[in-house]
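Below: one structure, written as structure tokens.
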Amino acid sequence: MKPVRLPASATRALPRWALLALGLLYILPGLIGRDPWKNIDATSFGIMWTMAHGTLLDWFQPNVIGLGLPAESPLTYWLGAASIKLFGGLLGDALASQISIVCFFLLGSLSIWYTTYLLGRRTEAQPLQLAFGGQPEPRDFGRTLADGAFLIYLGFLGLLLHSHESNPQTLQISLLAYAMYVATRLFGATKAIPEPQWRHAAGFGFVLGLMILTRGWLLPLAIWLGLLVLAAVRERKLLFWLGGISLPIALLIGAAWMFATRAIVPDAAAQLDTWMSWNLYQVNWPSLHSLGYFFKYGVWFAWPAWPFAIWAVYAWREQRSALHISLPIAFFLPLTILTLINVHSDDGMLLPLLPPLAILAAFGLPTMKRGAINAVDWFSVMTLTTSAAFIWVGWIAKETGWPAQIAKNAYKLAPGFQPGFSPIAFVIAVLATLSWIVLVHWRISRRPSVLWRAVVLSSGGVILCWLLLMTLWLPWINYGKSYAGVAVQIAANMPPVKQCVDSNVGPAQRASFAYFGHVKFAETENMRCDFLLLQDSIADDDTQRQQLQQYPGRWRMLWEGRRPSDRDERFRLYRRMN
């Protein structure tokens, strides 16, 4: 027997304008008014910027001003470079590159919404017929579930920072969500498609091919194998579509990129070997460490979806072969295995689990007990309201000096930071806080019966905290994570006409110094430069002497500096004396 019994009043959908507003409030803060941040964000921007202002060779050989990164797949950087070329003159290159992030988010969130909508309209997903009628229509039920999946996706704690970074993983999970949508069409999600058609199999293969160009072949292979098992269990005739159409198209796209790379890049064989080795290096045997990492970080990373997802599997256990349960599981299980055999302890490897979890959790909403829903709501209200209050108190201390201890801690983490009051940011933060108070009051006083009530506070609270951070605290965060200040200091100690600089700095620093300080780095190892920029650790002075020995000649130090918030990293600028 189906576990769902609902009246039509429980399937009131959110207005489209409300969904659009929530999406914009989620994705736009954190993209506007900041520099590319250290490590992954700045490195990705550096590759995009190099492509946009470089030659065709740079588009097929990912690098940051001559520093090769052969393990990187190119698609994310192609799209970011295209954004810089189209909008860089109007918005500036750094902000223009963020347009691609907005597009990735739209692709992922819309794919999750439409996938859930199609699955929710299926006959086996519908609630039981009520004795005197009044059950929801399939279209209304599907749309309400889709709204719930969208809210869950916005509420993921682990997605929040990653979705605002220029990172291949951001595009990867969006393509994964779109692959779920195409797979839903392939397996026949609506009566409008009585049987699978070749175009859906071709579309699925096309998405897998794009995923190969985004972050390697391991994840698309895992997805393809998961659907292959689902087809063998559910509809064996789909094995032909997946094996005879989807797989060849995916391989053809990957092969086309490799062929073009071999034709354009001089040392293409070494680059592709490195790329292949990077993919293979991700695979290892599962260990207690990887299992512990999965549960330790997955608990908060996938909140608030995992309680609803677990309940959905339990509640629909008698209909576990239904597509709205079996399809997300067919994606989730191979991705979980891929996470457990990954040698890296990085929370980014948990990102691909989020789209199938969001969709699966949406089908747990209609069956979740009222007490459990209230418990999740109260946890969200208490935790996120406390977090928002702490953000406000910290900002007041940073601006006014009271409470003194909090203000001292804030400036200790960012020495030299000069606060500045922004009326626009303050008004936005106040309006967001008032909206949160109204939302909590509406949820507690009205106790609405709509399905998405269980996650609206979790999503709204996450958006509130992020919005407060990206308005009240953005200058402080940007001061600590950006290399722009260091780049300006380096530029001030060099001649107005930029000369060649040899260096050992990493890709993130190289990108930031070239963009903000117009430092002209050596693009080949054979270039003889009159300036040398070294990166080392303050705690190890012996490293300085060892580094200088690698660069023949006599050098005179012109400048030494670092980011004020970094107590370990140090930069030294030298000039050749002979």
Side-chain donor or acceptor of T471 paired with backbone N/O of L468 under 3.5 Å = yes
Taking the side chain from W224 and the backbone from L242, do they hold a donor-acceptor pair closer than 3.5 Å?
-> yes
Report yes if the distance between the aromatic ring centroids of H164 and Y26 is under 6.0 Å, otherwise no.
-> yes
Heavy atoms, side chains only, cut-off 4.5 Å: are L384 and L464 in contact?
-> no
Between atom OG of S326 and atom CG of L333, what is the distance when rounded to the nearest 0.5 Å?
-> 11.0 Å
Residues in salt bridge (Lys or Arg N to Asp or Glu O under 4.0 Å) contact with R34, at least two apart in sequence or another chain = D41
Shortest non-hydrogen contact from F105 toward G23 | CE2-O, 3.7 Å
Between R143 (side chain) and L14 (backbone), is there a donor-acceptor pair under 3.5 Å?
-> yes
Are the side chain of W217 and the backbone N or O of N279 linked by a donor-acceptor pair below 3.5 Å?
-> no
Take W275 and W278, measure what ring-ring contact (aromatic ring centres under 6.0 Å, His included) needs, and give me the verdict at the end.
-> CA-CA 5 Å; W275 179 81; W278 179 87; 8.2 Å; no
Between F308 and L360, does a side chain to side chain contact (heavy atoms under 4.5 Å, CB included) hold up when you go through it step by step?
-> CA-CA 8 Å; F308 297 101; L360 191 60; over 6 Å; no
Non-neighbouring partners of W311 that pass side-chain hydrogen bond (donor to acceptor under 3.5 Å, both in side chains), sequence neighbours left out | T367
Under 3.5 Å, is there a donor-acceptor pair linking the side chains of Y117 and R139?
-> yes
Does any N or O in the side chain of R510 come within less than 3.5 Å of the main-chain N or O of V64, such that one atom is a donor and the other an acceptor?
-> yes
Tightest non-hydrogen contact, residues L145 and G120, listed as CD1-CA, 4.1 Å
When the ring planes of Y297 and Y293 are compared, do they come out parallel, tilted or perpendicular, using 30° and 60° as the limits?
-> tilted
Have a look at I173 and tell me which of L159, L107, L354 forms a side-chain contact (heavy atoms from CB on, under 4.5 Å) with it.
-> L159
4.5 Å side-chain heavy-atom contact, P352 and L219 = yes
If you count the non-hydrogen atoms of other residues, nucleotides and ligands that lie under 6.0 Å from OH in Y178, is the total more than 12?
-> no
For the residue pair W452 and W442, does the interplanar ring angle fall in the parallel (under 30°), tilted (30 to 60°) or perpendicular (over 60°) class?
-> parallel
Candidate pair Y479 and L413, rule side chain to side chain contact (heavy atoms under 4.5 Å, CB included), full reasoning = CA-CA 10 Å; Y479 178 81; L413 294 173; over 6 Å; no
Report the C-alpha distance between W303 and S458 in whole Å, list the side-chain angles of each, state the deciding distance to 0.1 Å, and finish with yes or no for side-chain hydrogen bond (donor to acceptor under 3.5 Å, both in side chains).
-> CA-CA 9 Å; W303 180 268; S458 297; 4.6 Å; no
Output yes when a side-chain donor or acceptor of N478 lies under 3.5 Å from a complementary backbone atom of D35, and no otherwise.
-> yes
Start with the C-alpha distance between L19 and W113, add both sets of side-chain angles, then the distance that settles side chain to side chain contact (heavy atoms under 4.5 Å, CB included), and finish with yes or no.
-> CA-CA 10 Å; L19 294 176; W113 193 97; 3.9 Å; yes
Tightest non-hydrogen contact, residues F331 and P356, listed as CB-CB, 4.0 Å
Can you measure from CD (Q169) to OG1 (T76) and round to the nearest 0.5 angstrom?
-> 9.5 Å
Heavy-atom pair of closest approach, residues D377 and A454 = OD1-O, 3.5 Å
Rounded to the nearest 0.5 Å, how far does CZ of R443 lie from CD1 of I373?
-> 7.0 Å
pair W49-D58: side-chain heavy atoms closer than 4.5 Å = no
Under 6.0 Å between the ring centres of F156 and W306?
-> no
What pair of heavy atoms forms the shortest contact from I477 to L469, and how long is it?
-> CD1-O, 4.1 Å
For E72 and P168, indicate whether the former's side chain and the latter's backbone hold a donor-acceptor pair under 3.5 Å.
-> no
Would you check if Q271 and F60 make a side-chain contact, meaning some heavy-atom pair closer than 4.5 Å?
-> no
Rounded distance [0.5 Å steps], CZ in F141 versus CZ in R122 = 13.5 Å
Would you say L434 has more than 12 foreign heavy atoms packed within less than 6.0 Å of its CG?
-> yes
Calculate, to the nearest 0.5 Å, the distance between atoms OH and CD1 belonging to Y153 and I112 respectively.
-> 4.5 Å
Sidechain-backbone polar pair: R185 side chain, V182 backbone, donor-acceptor under 3.5 Å = no
Side-chain contact, heavy-atom cut-off 4.5 Å: I253 with I249?
-> yes
Are the side chain of S100 and the backbone of S97 linked by a donor-acceptor contact shorter than 3.5 Å?
-> yes
Measure across A42 and A511 and return the closest heavy-atom pair with its distance rounded to 0.1 Å.
-> O-CB, 3.5 Å
More than 12 heavy atoms of other groups within 6.0 Å of K481 NZ = no
Quick check: does any side chain N or O of T170 sit under 3.5 Å from a backbone N or O of S163, one acting as donor and the other as acceptor?
-> no
Would you mind telling me which of I84, I99, L86, I32 makes a side-chain contact (heavy atoms from CB on, under 4.5 Å) with L91?
-> I99
So does W300 have more than 12 non-hydrogen atoms from other groups sitting under 6.0 Å from CH2?
-> yes
Evaluate the criterion side chain to side chain contact (heavy atoms under 4.5 Å, CB included) for residue pair L353 and F301; output intermediate values, then yes/no.
-> CA-CA 10 Å; L353 303 176; F301 201 87; over 6 Å; no
Does any non-hydrogen side-chain atom of F150 lie less than 4.5 Å from one of T116?
-> no
What is the distance from atom CG of D147 to atom OG1 of T11, rounded to the nearest 0.5 Å?
-> 10.5 Å
Is there a side-chain contact between L176 and L335 (heavy atoms, below 4.5 Å)?
-> yes
Classify the ring geometry between H324 and F363 as parallel (under 30°), tilted (30 to 60°) or perpendicular (over 60°).
-> tilted
Is P328 close to I359 at the side-chain level, that is, under 4.5 Å between some pair of heavy atoms?
-> yes
